[in-house]
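Reckoned from all heavy atoms, side chains included, excluding hydrogens, waters and symmetry mates. To find a chain, count down the sequence lines: A is the first, B the second, and so on, and within it residues start at 1.
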Number of protein chains: 2
Amino acid sequence: MSSIETSPLTRKLRAFVAFSGPELAVLDRLHRRKRAFVPGRDLVQQGQSEQAAYILAEGWVCSYKVQPDGTRQIVDFQIPGDFLGLRSILLHTSDHSVEPIVSIQAAEVLIEDLLEAFSDTPRLAMAILWMASRDEAMVVEHLVGIGRRDAEQRMAHFLLELGARLTLVGMGSRAGYDCPLTQYHLADALGLSAVHVNRVLRKLREDGLVTFRDGRVTFLDHDRLVGLAQFDPAYLEHTGPLLK
Amino acid sequence: MSSIETSPLTRKLRAFVAFSGPELAVLDRLHRRKRAFVPGRDLVQQGQSEQAAYILAEGWVCSYKVQPDGTRQIVDFQIPGDFLGLRSILLHTSDHSVEPIVSIQAAEVLIEDLLEAFSDTPRLAMAILWMASRDEAMVVEHLVGIGRRDAEQRMAHFLLELGARLTLVGMGSRAGYDCPLTQYHLADALGLSAVHVNRVLRKLREDGLVTFRDGRVTFLDHDRLVGLAQFDPAYLEHTGPLLK
DNA sequence: CGACCTATTGAATTCTATCAATTCTCGTGG
DNA sequence: CCACGAGAATTGATAGAATTCAATAGGTCG
């Protein structure tokens with residue numbers, strides 16, 4: 001049995017699609033070009049063309065856009081098993097940057113690899129397309145959060161969503177999860193100032209809902225937090241692609 | 001020559017991909033199930049499963065999500081040539097609603113139609129996937145706008161983006177465009193209150209930048225507006241899918 | 001130890017929402 | 001023809017939310 005069967009991506013997709021041996025082999029091939037990255041050096045640069053995509057094997061990264069005036073907006077965080085830069089290779093140019101938050105391991109995927117994989121196994125293509133749609137649904141939910149929730153709800157919703165995603169890949173539970181993000185990351189993701197992030201976290205802590213401390217998110221009262229955030233995980237719990 | 005060759009979708013895709021006769025015929029088949037809708041009755045309902053997708057032939061619609069507390073966030077507006085609900089059929093359930101803003105014409109596309117079209121003409125599949133990526137890039141830009149721009153910049157950027165999109169399908173120019181949206185639509189899209197939308201529009205008008213009046217957006221000083229919004233249309237001007 | 005990053009808190013300011021009231025347009029029915 | 005009501009746009013006043021500026025403290029690393 002090859003080690004690929006336990007990769008986070010494979011693990012995630014297999015929750016929805018039963019792959020055949022040859023399909024697993026194709027997945028294996030996609031993982032062959034392993035590379036390591038450290039914080040401070042971007043995997044993908046906004047505005048660059050000829051980008052590769054990556055499958056994140058270990059660690060956390062964030063996708064963000066910077067504006068001409070220097071402010072930045074984090075669009076999404078990716079965790080092990082997530083695909084990075086799929087849109088970049090489709091559009092042949094990257095509209096965003098990708099930055100490692102901790103030291104990471106990622107498999108580089110060239111456009112040729114992907115086209116080859118897609119033509120070999122249409123089922124895999126469909127599974128990846130489905131995954132991309134799920135990611136887009138997450139971005140949409142993020143948009144709603146920033147547009148129509150106040151800072152406290154935004155934070156609560158964000159911490160809960162991250163928890164739900166991490167739980168899917170075995171890195172979290174209802175009790176909490178390890179989280180390498182700084183308050184500056186939260187600020188850039190939620191469209192708040194770092195100062196206000198700090199105040200909101202204090203309020204949530206003082207209200208006995210959740211703590212964010214020493215790289216760990218701890219849910220003190222999960223149910224009440226869900227109530228505050230009006231968190232509905234439906235958009236994360238899809239029934240999988242239409243593969244028999 | 002069939003009339004399909006002048007449909008907005010065909011027109012848009014042909015700007016990037018040269019289709020063969022059989023491929024045009026497949027596009028034609030996708031348009032066969034024409035339907036009409038009127039404002040007030042949603043095409044797609046949030047939470048519903050077994051949805052169809054649509055190709056918008058005429059008129060404007062918006063995609064939105066409503067939250068438990070009743071507030072709504074418009075995620076995107078669609079104009080002729082845009083695809084609606086592609087994600088809904090992929091995920092097999094809809095995470096958002098779609099509402100006609102004016103009376104519209106749309107071609108219903110069943111999941112079977114799409115799978116058939118994809119297997120018949122991979123190039124068309126790639127073109128549609130590319131288009132979906134472009135739409136996602138737009139949602140991302142929208143996210144950045146709400147997260148990191150103040151109300152005035154948000155409005156300016158939004159009006160410019162809409163103008164750029166409409167120009168692509170021949171419905172607008174640097175001078176302006178017809179626009180059936182109300183200030184309430186703008187508010188729900190930009191994450192502002194309707195009252196504040198009104199104030200912002202007044203300011204932009206008084207500053208001689210743009211007017212929003214009687215269903216028409218008129219750019220008074222396009223260049224200065226671009227400067228205010230820090231509008232960079234790069235994310236709309238892609239080189240097309242990787243088809244030879 | 002000092003440099004640097006992160007977290008924390010206070011005070012003043014700016015931005016945006018909410019509440020309330022008015023005007024305008026347009027279509028409907030009397 | 002006009003009164004009426006609905007939806008849309010407009011404006012003022014006030015309250016609330018979040019930002020900015022400024023300062024301090026804790027931790028880590030060389």
**Student:** Hey, does G191(A) reach any base, or is it just sugar-phosphate, or nothing, if we go heavy atoms under 4.0 Å?
**Tutor:** sugar-phosphate
**Student:** Roughly how many Å is it from NZ in K203(A) to C1' in dA17(D), rounded to a whole number?
**Tutor:** 13 Å
**Student:** Roughly, in whole Å, what's the span from CG in L186(B) to P in dT16(C)?
**Tutor:** 15 Å
**Student:** Under 4.0 Å between a Lys/Arg side-chain N and an Asp/Glu carboxylate O for K12(A) and D82(A)?
**Tutor:** yes
**Student:** Are the charged groups of D207(B) and K203(B) less than 4.0 angstrom apart, N to O?
**Tutor:** yes
**Student:** Please identify each residue that fulfils salt bridge (Lys or Arg N to Asp or Glu O under 4.0 Å) with R87(A), with sequence neighbours left out.
**Tutor:** D95(A), E136(B)
**Student:** Could you state the atom-to-atom distance from NE2 of H196(A) to C1' of dT20(D) in whole Å?
**Tutor:** 13 Å
**Student:** Once each nucleotide of nucleotides 2-9 of chain C is scored for protein heavy atoms under 4.0 Å, what B/S/- sequence comes out, 5' to 3'?
**Tutor:** ----SSBB
**Student:** Rounding to a whole Å, what distance do you find between E152(A):CD and dG16(D):C1'?
**Tutor:** 14 Å
**Student:** Find the distance R149(B):CZ to dA18(D):C1' and express it as a whole number of Å.
**Tutor:** 19 Å
**Student:** Nearest whole angstrom, please: distance from the P of dC15(C) to the CG of L190(B).
**Tutor:** 17 Å
**Student:** Do S88(B) and S94(B) pass the side-chain hydrogen bond (donor to acceptor under 3.5 Å, both in side chains) test, and can you show the C-alpha distance, the side-chain angles, and the key distance before you say yes or no?
**Tutor:** CA-CA 5 Å; S88(B) 299; S94(B) 182; 3.3 Å; yes
**Student:** Do the ring planes of H142(B) and F158(B) sit parallel (below 30°), tilted (30 to 60°) or perpendicular (above 60°)?
**Tutor:** tilted
**Student:** Scan E152(A), Q230(A), E141(A) and name whichever one has a side-chain contact (heavy atoms from CB on, under 4.5 Å) with H157(A).
**Tutor:** E141(A)
**Student:** Rounded to whole angstroms, how far apart are CG on D150(B) and C1' on dT20(D)?
**Tutor:** 14 Å
**Student:** What is the distance from CD1 of I101(B) to P of dA8(D), rounded to the nearest Å?
**Tutor:** 12 Å
